[in-house]
Amino acid sequence: MKKLPVLLLLIMIVVVLGVAGCGDDGSSAAAKSSNSAQGRILLATTTSTYDSGLLDYLLPSFEKLHGVDVQVVSLGTGQALEVGKNGDVDVVLVHAREAELAMVHQGHYVDRHDVMYNDFIIAGPDSDPADLRQLTDIEEVFAAIAGQQVPFISRGDESGTHVKEKALWQKAGISPLGDWYVDTGAGMGDTLRMADEMEGYILTDRATFLSMQDRLELAIVFEGAEELLNQYGVMAVNPDNYSGINYQGAMQLIEYLISEDGQKMISDFKPYGETLFFPNAQ
């Protein structure tokens, strides 16, 4: 498994932005040629599955089993879905279930499956200036942050984490505005580091937080609410939309992830002593 070089990734994003909404005739011939190369799959996935080390752990066994090289494009979920929608990768592994199902319904993706879940947490300064540890309701948490206007650091990048955060603000009936609300437009790791430097609160997936915990002063100040469930799904780009898609390779990866062996490997992934992703393939 290899992560795509930064330059190639940037080129792909430019291609996506330039041809958004185009069909087969408007897509990048070069990207499609890459997708169709025998023995290679392009996987667009959320930063948490890469930064946590899950893919480095999981994909080599798949590559050895099928003789397929998996190249990973690590993006926020929103960008990953757009990259696949435009035919520049073969398969996506992301965490925004409603958005995924909508794109399946629109015909951009096929063969979607739940793969695993974990949860989001609220991290913040250990001093917990908004007293979030005393609360039991996620709506109260967001109301306390906004009411006291303590720094809240948001990814602001339409990632799965950002989509969840916006839904939680909406559920609390709050439009977060003001100097206390900081929009980074960056990935989970960079946003966690900024929250740490600013001594602010942040919504983060548990896996990425644990993978960086020894480098941060932040602590978990709220967890366990039903609304913080973080479901991951995998699906193939619709081969009817793009002739160069490696659909066979995409399905091999999907079937591996939802297989008994793949699910057990996900369950056994405990780099910090606890399970980071809980398999629940459907």
Side-chain angles (χ1 to χ4, degrees), residues 46-49 51-52 76-78 94-102 114-189 191-196 198-213 216-233 274-278 280:
T46 177
T47 57
S48 59
T49 58
D51 292 342
S52 66
T77 286
V94 291
H95 61 139
R97 198 169 191 273
E98 290 186 6
E100 296 161 36
L101 293 175
D114 286 343
V115 174
M116 59 193 182
Y117 70 93
N118 59 12
D119 64 343
F120 292 105
I121 57 174
I122 304 293
D126 193 46
S127 59
D128 191 18
D131 291 325
L132 303 189
R133 289 192 178 98
Q134 309 303 317
L135 304 176
T136 58
D137 186 287
I138 188 63
E139 294 179 40
E140 293 177 344
V141 167
F142 278 76
I145 293 171
Q148 299 189 40
Q149 298 194 356
V150 290
F152 184 94
I153 317 304
S154 169
R155 288 183 60 170
D157 61 351
E158 296 301 324
S159 62
T161 305
H162 185 218
V163 169
K164 171 64 74 172
E165 180 211 313
K166 290 193 297 183
L168 293 173
W169 283 119
Q170 184 175 25
K171 182 177 177 64
I174 297 169
S175 297
L177 298 171
D179 293 340
W180 59 275
Y181 186 79
V182 180
D183 181 340
T184 70
M188 197 71 258
T191 306
L192 270 165
R193 281 186 282 271
M194 187 173 292
D196 193 50
M198 297 182 66
E199 298 184 342
Y201 289 107
I202 182 172
L203 176 73
T204 174
D205 68 282
R206 187 183 295 271
T208 305
F209 177 78
L210 291 177
S211 71
M212 297 179 62
Q213 190 173 25
L216 302 171
E217 297 295 327
L218 298 175
I220 298 175
V221 295
F222 185 86
E223 60 185 327
E226 181 180 352
E227 296 90 341
L228 295 179
L229 177 70
N230 184 22
Q231 177 68 52
Y232 289 80
E274 61 181 282
T275 301
L276 296 188
F277 299 92
F278 297 87
N280 68 339

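Within the 4.5 Å cutoff, side-chain heavy atoms of L228 are placed close to those of L168. You'll find the side chain of Y232 reaches within 4.5 Å of the side chain of T46, heavy atoms only. The shortest distance between side-chain heavy atoms of H95 and T161 falls below 4.5 Å. Counting heavy atoms from C-beta outward, E199 and P125 have side chains that approach closer than 4.5 Å.
Smallest separation of non-hydrogen atoms from F209 and L218: CZ-O, 3.7 Å. Y201 and D128 make their closest contact through OH-OD1, 2.5 Å (heavy atoms, listed as atom of the first residue, atom of the second, distance). The two residues S52 and A207 make their nearest non-hydrogen contact at CB-CB, 4.0 Å. Residues S159 and G76 come closest through the heavy atom pair CB-CA, 3.8 Å. Closest of all the heavy-atom pairs between Q231 and N280 is OE1-ND2, 2.9 Å. Minimum interatomic distance between T191 and G187 (heavy atoms only, all atoms of both residues): OG1-O, 2.7 Å.
Taken from CZ in R155 to OG1 in T47, the straight-line distance is 4.0 Å, to the nearest 0.5 Å. Considering CG of L229 and CZ of F278, their distance stands at 11.0 Å, rounded to 0.5 Å. The distance from the CZ atom of R97 to the OH atom of Y117 is 14.0 Å, given to the nearest 0.5 Å. Atom-to-atom distance recorded for M194:CE and I202:CD1 is 9.5 Å, nearest 0.5 angstrom. Here CG of L203 is found 4.5 Å from CD1 of I122. Values are rounded to the nearest 0.5 Å. Here the CD atom belonging to E217 is positioned 6.0 Å from the CG atom belonging to D196, to the nearest 0.5 angstrom.
Side-chain N or O atoms of T208 include none that pairs as donor or acceptor with a backbone N or O of D205 at under 3.5 Å. In this structure, the side chain of N118 engages the main chain of L276 through a donor-acceptor pair within 3.5 Å. Side-chain atoms of D183 come within 3.5 Å of backbone N or O of G185 as a donor-acceptor pair.
Ionic pairing of R133 and D126 is present here: one or more N-O contacts between side-chain nitrogen and carboxylate oxygen are shorter than 4.0 angstrom. Ionic pairing of K166 and E158 is present here: one or more N-O contacts between side-chain nitrogen and carboxylate oxygen are shorter than 4.0 angstrom.
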Extract all donor-acceptor atom pairs below 3.5 Å that involve side chains of residues 171-182 and protein atoms in other chains or at least two apart in sequence.
{"residue": "W180", "atom": "NE1", "partner": "L177", "partner atom": "O", "Å": "2.9"}
{"residue": "Y181", "atom": "OH", "partner": "S154", "partner atom": "OG", "Å": "3.1"}
{"residue": "Y181", "atom": "OH", "partner": "E165", "partner atom": "OE2", "Å": "2.5"}

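Ring planes of F152 and F142: tilted class, angle from 30 to 60°.
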Quick one: do T204 and M212 satisfy side chain to side chain contact (heavy atoms under 4.5 Å, CB included)? Show the steps, please.
CA-CA 11 Å; T204 174; M212 297 179 62; over 6 Å; no

Worked verdict on L132 versus I145 for side chain to side chain contact (heavy atoms under 4.5 Å, CB included):
CA-CA 8 Å; L132 303 189; I145 293 171; 4.0 Å; yes

Decide yes or no on side chain to side chain contact (heavy atoms under 4.5 Å, CB included) for T77 and V163, but give the supporting numbers first.
CA-CA 9 Å; T77 286; V163 169; over 6 Å; no

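Crowding of Q170 atom CD: a count of heavy atoms from other residues, nucleotides or ligands under 6.0 Å not exceeding 12.
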